[in-house]
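The next block holds one structure in the form of structure tokens; read it before the comments.
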Amino acid sequence: MQHFVLEQALNYLIDQGNADLSALNGKTLHFALEDLPLNVNFVCTNNRIFVTTDTSIGADVDIKLKSSVFLALLQGEDLTELLRQDKIVIHGDVKTAQLLVDLLQQLDIDLEEALSKYTGDIIAHQVGKLAKNFKTSDNPLEALKNELTTLLVAPSKSSLFKNKGS
Amino acid sequence: MDKTTHFGFKDVDTDDKQGLVRGVFDSVASKYDLMNDVLSFGAHRLWKRYTIASSNVKAGDKVLDIAGGTGDLAIEFRKKVGDSGQVVLSDINAAMLGEGRKNLINNGVFGVEFVQLNAQRIPFADNTFDCVSIAFGLRNVTDKDQALAEMWRILKPGGCLLILEFSKTDSELLKKFYDFYSFNVMPKLGGIIADDEESYQYLAESIRKHPDQETLKSMVLNAGFGFCEYHNLSGGIVALHKGIKT
Ligand SMILES: C[S@@+](CC[C@H](N)C(=O)[O-])C[C@H]1O[C@@H](n2cnc3c(N)ncnc32)[C@H](O)[C@@H]1O
């Protein structure tokens, strides 16, 4: 679900005219963290970016790194320096990878927070909560009614956004 | 194509299914929106909001909503594409399109085009749309593979397909509740509110016959899409499949 937040934030940036995607158009960048289940393709097309967990197709550029290195990168650490230190593995054009990193650095979302909360699927978590309520409540229908509002997806309420749109 | 297909839990002649589906939606059209709100506790609005957000549609884009019925998605797409864009609300059923037209006017939304079409034979040129959506419609289509191939054809390279549809939950508890609700409560409410228990029995059955998340994903990829992923909503009761034409 976190990749949905990434996708929304990136496209918001593009829509605001704060990102020039022309050099990335038509490119697919595979991005994987070694220690967290973030493994996605950034599909850049028609001046927008889709962030998809479908990584079955080969990408133009492959980027692999640890989450701590990713955070350092977002805080402005130099990509070439990290490459030199072998902290990041890039197959393909480094310049293209740099363009993606530039975009990610501009994002106004708290990626550190997003990564720390990486639990896979917000909804799965909410259903887990619902199942717990079923076990404890005398009246499962009452519990379901109470949970319905949180059970359903309301992406705009995601706590992963940092003052987005406000 | 096979000679028979399913219409809910019944096996029917393949050529007859479209007419039977038409009968269902002719019958429920005038009460469709009310029933949607009641039966899903308003949740369909959140599922649709998520679908719109996932589309990444921008000003100037061309969007086709297939099986669009009363136009919930078309209304939101119209706001996103603005005057420089184009939104086509399409459905096979004239009664549903009529309700859609009323709904759009009531919401003060103008500039949407209406086209009566069958998802299996879409009357638009190759590479026309930036986004194609189909919400709660695919399970009613007789030849889903053909419809998906058509959706692929009319999308521009880089275009996005969104399929919002009932799916399979893997939570046993939720499944029990949902089975009870859809086979016992839903048709009864259909009888009371829309005076049509049978159509809501079909709707519940058609959900069970619809391919699960992984099967539908394979179908989307087989239709030619380069990428496809799905997001489970409400524990998998509904799933949003998103395909990208490469
Ligand atoms: C459950 S309604 C969904 C309406 C709307 N998309 C929504 O989400 O509220 C299903 C719609 O699919 C339409 N439909 C069924 N078979 C179709 C086909 N082969 N091609 C196009 N539309 C079809 C029906 O007429 C009906 O309006």
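Because only heavy atoms are used, hydrogens play no part in the values below, and waters and symmetry mates are left out as well, while side chains stay in. Sequence lines set the chain letters: A, B, ... in the order given, protein chains first and strands last, and positions in each chain run from 1.
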Notebook entry, point to check: Between F166(B) and F136(B), how do the two ring planes meet: parallel, tilted or perpendicular, split at 30° and 60°?
Noted result: tilted
Notebook entry, point to check: If you count heavy-atom pairs under 4.5 Å between each of T53(A), N47(A), T28(A) and chain B, which one has the most?
Noted result: T53(A)
Next item on the list: Below 4.5 Å from any heavy atom of chain B, which atoms of N25(A) appear? Answer side chain, backbone, both or neither.
Entry: neither
Next item on the list: Evaluate the ring planes of Y50(B) and F4(A), with Trp represented by its six-membered ring, and classify them as parallel (under 30°), tilted (30 to 60°) or perpendicular (over 60°).
Entry: tilted
Next item on the list: Quick one: do K188(B) and E197(B) satisfy salt bridge (Lys or Arg N to Asp or Glu O under 4.0 Å)? Show the steps, please.
Entry: CA-CA 6 Å; K188(B) 290 275 176 295; E197(B) 191 167 329; 3.2 Å; yes
Next item on the list: Would you verify whether the NZ or CZ of R208(B) falls within 45 degrees of the ring axis of Y202(B) while also being under 6.0 Å from that six-membered ring's centre?
Entry: no
Item checked: Best-contacting candidate, D61(B), D130(B), V238(B), against chain A by heavy atom pairs under 4.5 angstrom -> D61(B)
Next item on the list: Using non-hydrogen atoms and a 4.5 Å limit, figure out which bit of V40(A) sits close to chain B: side chain, backbone, both or neither.
Entry: neither
Next item on the list: Select one option (side chain, backbone, both, neither) describing which atoms of I49(A) are under 4.5 Å from chain B's heavy atoms.
Entry: backbone
Notebook entry, point to check: Is the closest side-chain donor-acceptor distance between D15(A) and N11(A) under 3.5 Å?
Noted result: no
